[in-house]
Amino acid sequence: MASLEADEWKEAVQEEAMKFKKFKVFKVIKKADLPVGSTILSTTWVFKKKTNGSRRGRLNARGFEQIEGKHYFNDSISSPVSNPPTIRIMLVMTASNPRWTVRVIDVEGAFLQGQFGNGEVMYAEVPDGMEEHYGSRDDVVLQMLVPLYGTKQAAECFYRRFVNKSKEKGYERSNADFCLYYVWRHGRLLIFATWVDDIVVCGEEQDINAFEADIKQAFEAKSEPVFNEYVGNHITINRCD
């Protein structure tokens, strides 16, 4: 914030604040109404300049301040991601079938679309840069209504909700890779894999469109206009070869 790019970073903070309001992340609680003995977690910002030049600000709770058995449970703090060989096999299958294409779908603010599963109640201080939206940290605290980035259970909460929504839509999960899903419809196969909130889906165009519609019914999500990168790997598609 002391750099020459401070205005751009402040804009990223405001975008994050609008996202929090959109997903109803916090409930404002007066400090006088806070239960006795409550722990108030602090937060920190992570700023990143993306490869396309845009700036992203992400607010994280300091999860190391959480108390086991009160704010989280040890059996609910991990979630899987796809195996790299799974992704490679999917790309080989796509390259081998002239009717197949591939698309990446990104779940917006994925962890903020997760749900607490164990009745956890957590409070956070008003974050730096968000006082205008919630008030002074001298007067109020914020109750988390959804798992904030940085909390120990955030990834697992989103993962479980994604698995449940996929099952509701009729998608099967592979026993070989718990982040690989598939469905047969009208004699056609569609497959997709998840790397946290990044979904790569392979199949015929009409089936991918139907899948994207299913995802957008369950989550706020958007598809990338061009498939040229996935989880830090650069992808080049040359149909002529």
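This is a predicted model, so every value here is computed, not measured.
Under the 4.5 Å side-chain contact rule for hydrophobic residues, Leu41 and Val140 share a cluster. Taking hydrophobic clusters as Ile, Leu, Val, Met, Phe, Trp and Tyr residues chained together by side-chain heavy-atom distances below 4.5 Å, Leu34 does not share a cluster with Leu145. Under the 4.5 Å side-chain heavy-atom criterion for grouping Ile, Leu, Val, Met, Phe, Trp and Tyr, Trp195 is connected to Ile235 within one hydrophobic cluster. Met1 and Met130 fall within the same hydrophobic cluster, where Ile, Leu, Val, Met, Phe, Trp and Tyr residues are linked whenever their side-chain heavy atoms come under 4.5 Å apart, directly or through other members. A continuous path of hydrophobic side-chain contacts links Val28 to Phe26 [ILVMFWY only; heavy atoms under 4.5 Å].
Side-chain contact between Tyr72 and Pro147 is absent, with no heavy atoms from C-beta onward closer than 4.5 Å. Residues Val196 and Phe162 fail the side-chain proximity criterion, which asks for heavy atoms closer than 4.5 Å. The closest side-chain heavy-atom distance from Met90 to Leu180 is below 4.5 Å. Residues Thr86 and Cys179 are not in side-chain contact: their nearest non-hydrogen atoms beyond the backbone lie 4.5 Å or more apart. Residues Val121 and Phe116 have side chains not in contact (no heavy-atom distance under 4.5 Å, counting atoms from C-beta outward). Taking 4.5 Å as the limit, some side-chain heavy atom of Pro127 sits within range of a side-chain heavy atom of Leu142. In this structure, Ile237 and Val102 have side chains that are in contact, with non-hydrogen atoms separated by less than 4.5 Å. Under the 4.5 Å side-chain criterion, counting only non-hydrogen atoms from C-beta, Phe73 is not in contact with Glu68.
Summarising the geometry of Leu189 relative to Trp100, their closest heavy-atom pair is O-CZ2, 3.4 Å, with the distance given to 0.1 Å. Nearest heavy-atom pair across Glu16 and Leu59 is OE2-N, 3.1 Å. Residues Gly135 and Val126 share a closest heavy-atom pair of O-CG1, 3.4 Å. The shortest heavy-atom contact between Gly57 and Phe47 is CA-CD2, 3.7 Å. Scanning both residues, Trp9 and Ser3, for their nearest heavy atoms gives CD1-OG, 4.0 Å. The shortest heavy-atom contact between Gly109 and Tyr149 is C-OH, 3.5 Å.
In the displayed structure, Asp33 atom CG is contacted under 6.0 Å by more than 12 heavy atoms of other residues, nucleotides or ligands. Heavy atoms from other residues, nucleotides or ligands lying under 6.0 Å from NZ of Lys27 number 12 at most.
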Worksheet entry | Test log, rule side chain to side chain contact (heavy atoms under 4.5 Å, CB included), inputs Arg103 and Glu224 | CA-CA 7 Å; Arg103 189 179 303 170; Glu224 299 297 331; over 6 Å; no
Item to complete: Give the intermediate values and the outcome of side chain to side chain contact (heavy atoms under 4.5 Å, CB included) for residues Val81 and Val231.
Response: CA-CA 11 Å; Val81 295; Val231 196; over 6 Å; no
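A salt bridge links Arg160 to Glu156: one of the charged nitrogens lies within less than 4.0 Å of a carboxylate oxygen.
The only member of Lys22, Arg56, Lys216 that meets salt bridge (charged side-chain N to carboxylate O under 4.0 Å, His left out) when paired with Glu108 is Lys22.
Using a 30° and 60° split on the angle between ring planes, Phe211 and Phe192 fall in the tilted class, from 30° to 60°. Under the 30°/60° scheme for interplanar angles, the aromatic rings of Phe111 and Phe158 are found to be tilted.
Separation of atoms CG (Leu148) and CD (Gln153) is listed at 10.0 Å; rounding is to 0.5 Å. Between atom CG of residue Asp207 and atom CZ of residue Arg188 there is a gap of 4.0 Å, rounded to the nearest 0.5 Å. Atoms CG and CZ, on Leu91 and Phe227 in that order, are 5.0 Å from each other to the nearest 0.5 Å. The distance from atom NZ of Lys167 to atom NZ of Lys169, rounded to the nearest 0.5 Å, is 16.0 Å. The distance from atom OG1 of Thr39 to atom CD1 of Ile67, rounded to the nearest 0.5 Å, is 3.5 Å. Going from atom CE of Met144 over to atom OG1 of Thr43 covers 8.5 Å, rounded to the nearest 0.5 Å.
Judged purely by distance below 3.5 Å, without hydrogens or angles, the side chains of Ser42 and Glu65 pair a donor atom with an acceptor atom. Between the side chains of His133 and Gln14, at least one donor-acceptor pair of N or O atoms lies under 3.5 Å.
At distances below 3.5 Å, at least one donor-acceptor pair connects side-chain atoms of Trp45 with backbone N or O atoms of Asp128. Looking only at distances, a side-chain donor or acceptor of Asn233 sits under 3.5 Å from a matching main-chain atom of Tyr230. For the pair Gln66 (side chain) and Lys152 (backbone), a donor-acceptor distance under 3.5 Å is present. Judged by distance alone, the side chain of Gln113 and the main-chain N or O of Glu220 form a donor-acceptor pair under 3.5 Å. Panel note: side chain Lys31, backbone Arg137; a donor-acceptor pair is recorded below 3.5 Å. The closest donor-acceptor contact from the side chain of Tyr159 to the backbone of Gly114 lies at 3.5 Å or more, if one exists at all. Formation of a donor-acceptor pair under 3.5 Å by the Ser54 side chain with backbone atoms of Lys50 is not found in this model. A distance-only check finds no donor-acceptor pair linking the side chain of Glu168 to the backbone of Ser166 [under 3.5 Å]. Checking side-chain atoms of Thr44 against main-chain N and O of Asn60 turns up no donor-acceptor pair under 3.5 Å. Although no hydrogens or angles enter the test, the distance criterion places no donor-acceptor pair under 3.5 Å between the side chain of Arg173 and the main chain of Tyr181.
Geometrically, Arg185 engages Tyr171 in a cation-pi contact defined by less than 6.0 Å to the ring centre and at most 45° from the axis.
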